[in-house]
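Counting from 1, the numbers follow the sequence of the chain as shown.
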Amino acid sequence: MKISILCLSLPGYETALALRDILKTEHETEIFRKGKSFADSIPDSLHEWTEKHFEEDAIIFVSSAGIAVRAIAPFVQSKKTDPAVLVVDDMFHFVIPILSGHLGGANGLASQIADAKDATAVITTSTDIHGKFAPDVFAKKNGLVITDFTRAKEAAAALVRGERVTVYCDSVVVGPIPEEAQVKPLNQLRQLGTLRSPKDDSNSFAIVISPYEKDGTALENALWLIPKTVYLGIGLREGKNREDVERTASACMEQAGITALAVKKISSVDLKKKEAGLLAYAESLHCDTEFFTSEALRSVPGEFTESEFVRSITGVGNVCERSALLSAMGDGDETDAVLMERKLPLGGVTAAIAIKKGTIRFE
């Protein structure tokens with residue numbers, strides 16, 4: 001995490017140095033000094049400095065809360081994108097997260113800092129002060145995509161009211177499940193029927209963890225969290241553009257019934273690692289790419305849709321199926337990887353999908 005620390009007084013500078021010592025082993029930190037007390041005071045106004053640093057991971061103001069609030073007010077947009085913002089007083093008595101406590105990680109950062117200095121972390125988010133399971137924190141820690149932040153807020157509110165949630169998933173579950181939650185397999189969700197409420201289980205809210213569109217829209221009163229458990233393999237002729245790749249990939253995912261938000265990696269043979277259309281499509285999905293040698297692809301066990309023409313070009317009879325499966329096998333337990341959607345050819349591009357169960361951790 002990249003953290004910018006701004007101090008406004010000499011005692012505040014001492015606190016900033018202490019903050020850097022606490023954070024430097026895990027985070028990239030930089031101290032900025034502003035005010036007449038400093039010969040090297042930054043020339044920017046508070047407004048200008050905040051605007052420059054608001055796209056970073058976190059900002060710590062060693063100042064009053066009022067100064068920090070006024071500084072960030074013009075730039076606050078959404079909990080999806082806002083950085084973690086904290087305030088620490090000059091004497092290092094209190095550490096106060098004031099923005100992006102959960103998704104931005106301000107609450108966790110505040111607790112880390114306070115514990116190291118024997119200070120008081122002033123946490124005000126409802127699920128934290130009530131000691132409840134927090135769906136947005138759970139999602140962030142597990143790399144799950146939140147599809148609806150209003151639903152996430154409703155789920156948190158239900159938990160604060162003392163109600164329980166049912167978590168539907170097929171993932172491997174690790175760690176103690178909170179008392180206010182229960183975990184059930186996705187098959188039980190599918191048996192409830194379309195647009196029925198999970199109140200059948202005497203719970204007010206459901207959390208659905210699935211890459212499948214049909215699961216995410218199965219219940220009216222549910223938060224859909226999307227796991228990054230899908231691996232997309234692509235084969236393509238030279239010079240295919242992003243639209244060509246997207247057309248085939250989207251058709252393959254639609255056929256499988258999964259959402260593109262679940263794609264963790266896009267893979268292919270290393271001969272295609274400079275194909276601009278493939279790279280541009282991966283960038284549009286904000287996912288990683290992985291490229292394999294033909295020898296590595298030939299070593300993948302299983303039966304695949306082979307092509308002598310593809311073999312003559314790439315050295316392996318199938319690129320998309322083998323690369324999707326090999327990419328999935330390379331992330332964690334390789335026995336968990338399954339080829340779920342075989343080669344789909346369309347307009348000079350082929351696509352295939354592998355999937356894993358994944359792991360969900362309760363901490």
With a cut-off of 6.0 Å (strictly less than), are more than 12 heavy atoms of other residues, nucleotides or ligands near CD of Glu254? no

Between Ser327 and Ala324 (side chain of the first, backbone of the second, donor and acceptor by atom type, cut-off under 3.5 Å), is there such a pair? no

Quick check: do Val349 and Ile234 have side-chain heavy atoms less than 4.5 Å from each other? yes

Side chain to side chain, Ser41 and Arg33, heavy atoms closer than 4.5 Å: no

Glu179 atom CD, over 12 foreign heavy atoms within 6.0 Å: no

Checking Met1 against Leu109 for the side-chain contact (heavy atoms from CB on, under 4.5 Å) test, could you report, in this order, the C-alpha distance in whole Å, the side-chain angles of both residues, the deciding distance, and whether it holds? CA-CA 10 Å; Met1 180 181 283; Leu109 198 59; 4.1 Å; yes

Do the side chains of Leu326 and Ser267 get nearer than 4.5 Å, heavy atoms only? no

Under a 3.5 Å distance rule, please check whether Lys228 uses its side chain to pair with a backbone N or O of Val145 as donor and acceptor. no

Check: Arg70 and Leu46 side chains under 4.5 Å, non-hydrogen atoms: no

Using 0.5 Å steps for rounding, measure from the CD1 atom of Ile226 to the CD1 atom of Ile209. 11.5 Å

Might you work through the side-chain contact (heavy atoms from CB on, under 4.5 Å) test for Met253 and Ile353, ending with a clear yes or no? CA-CA 8 Å; Met253 288 186 283; Ile353 295 171; 3.8 Å; yes

Within one Ile-Leu-Val-Met-Phe-Trp-Tyr cluster: Val87 and Leu8, side-chain cutoff 4.5 Å: yes

Side chain to side chain, Ser294 and Thr314, heavy atoms closer than 4.5 Å: no

From Phe75 atom CZ to His47 atom NE2, the distance as rounded to the nearest 0.5 Å: 3.5 Å

Relative to each other, are the rings of Phe61 and Trp49 parallel, tilted or perpendicular (30° and 60° limits)? perpendicular

Cluster question for you: counting only ILVMFWY and a side-chain heavy-atom cut-off of under 4.5 Å, with indirect links fine, are Ile22 and Ile31 together? yes

Hydrophobic cluster identity match, Ile177 and Val172, side-chain contacts under 4.5 Å: no

Residues Leu344 and Cys252: closest non-hydrogen pair is CD2-N, 3.3 Å

Verify, without hydrogens or angle tests, whether Ser171 (side chain) and Lys357 (backbone) share a donor-acceptor contact under 3.5 angstrom. yes

Does any pair with a residue in residues 271-290 pass salt bridge (Lys or Arg N to Asp or Glu O under 4.0 Å), and if so which ones, sequence neighbours excluded? Lys265-Glu290

Connected via hydrophobic side-chain network under 4.5 Å: Leu6 and Ile59: yes

Backbone of Phe291 reached by a side-chain donor or acceptor of Asp270 within 3.5 Å: no

Side chain to side chain donor-acceptor pair (under 3.5 Å) partners for Asp215, two or more places apart: Arg190, Ser210

Report yes if the side chains of Asp148 and Trp224 come closer than 4.5 Å at any heavy-atom pair, otherwise no. no

Pairs meeting criterion side chain to side chain donor-acceptor pair (under 3.5 Å) with involvement of residues 81-90, two or more places apart: Ser9-Asp90

Here the gap from Leu232 atom CG to Ser323 atom OG, rounded to the nearest 0.5 Å, amounts to 8.5 Å

Checking the side chain of Thr259 only, and the main-chain atoms of Ala262 only, is there a donor and an acceptor separated by less than 3.5 Å? no

Any non-hydrogen side-chain atom of Leu225 less than 4.5 Å from a side-chain atom of Phe138? yes

Output every pair passing side chain to side chain donor-acceptor pair (under 3.5 Å) with a member in residues 149-158, not counting sequence neighbours, ordered by first then second residue. none

To the nearest 0.5 Å, what is the distance between NE2 on His27 and CG on Leu19? 11.5 Å

Please name the pair of heavy atoms, one in Tyr13 and one in Cys7, separated by the smallest distance, quoted to 0.1 Å. CA-SG, 3.7 Å

What's the separation between atom OG1 in Thr229 and atom CG in Leu144, rounded to the nearest 0.5 Å? 9.5 Å

Residues in ring pair (Phe, Tyr, Trp, His ring centres under 6.0 Å) with Phe292, at least two apart? none

So, for Ala68 and Ile98, which heavy atoms are closest and what is the spacing to 0.1 Å? CB-CD1, 3.9 Å

When you look at Arg242 and Ser284, which way does the side-chain contact (heavy atoms from CB on, under 4.5 Å) test go after all the steps? CA-CA 9 Å; Arg242 188 191 70 80; Ser284 73; 4.2 Å; yes

Can you find a pair of side-chain heavy atoms, one from Val208 and one from Leu186, that are under 4.5 Å apart? yes

Test Val167 against Ile360 for side-chain contact (heavy atoms from CB on, under 4.5 Å), laying out the working first. CA-CA 11 Å; Val167 179; Ile360 296 299; 6.0 Å; no

Considering all heavy atoms, the nearest Ala260-Leu285 contact: CB-CD2, 4.0 Å

Which pairs count as side chain to side chain donor-acceptor pair (under 3.5 Å) when at least one residue sits in residues 298-310, sequence neighbours excluded? Thr305-Glu321, Glu306-Arg311, Glu306-Arg322, Glu308-Arg311

Has Thr29 got a side-chain atom pairing as donor or acceptor with Ile3's backbone, closer than 3.5 angstrom? no

We want to know whether Ser4 and Glu30 form a side-chain donor-acceptor pair, criterion being a heavy-atom distance below 3.5 angstrom. no

Between the CD1 atom in Ile96 and the CD1 atom in Ile113, the distance rounded to the nearest 0.5 Å is 12.0 Å

Could you report the tightest heavy-atom contact between Phe92 and Ala119, atom names first, then the distance? O-CB, 3.5 Å

Sub-3.5 Å donor-acceptor pair from the side chain of Thr248 to the main-chain atoms of Leu346, do we have one? yes

CG (Asp40) with more than 12 external heavy atoms under 6.0 Å: yes

Do you know the tightest heavy-atom contact between Ala352 and Arg342? CB-C, 4.1 Å

If you group Ile, Leu, Val, Met, Phe, Trp and Tyr by side-chain heavy-atom gaps below 4.5 Å, do Tyr281 and Tyr231 land in one group? no

Side chain of Thr289, backbone of Ile266: donor and acceptor closer than 3.5 Å? no

Within the distance-only criterion (no hydrogens, no angle test), does the side chain of Asp115 pair as donor or acceptor with the backbone N or O of Gln112 below 3.5 angstrom? no

Give a yes or no on whether the backbone of Leu10 and the side-chain of Ser37 come within a donor-acceptor separation of less than 3.5 Å. no

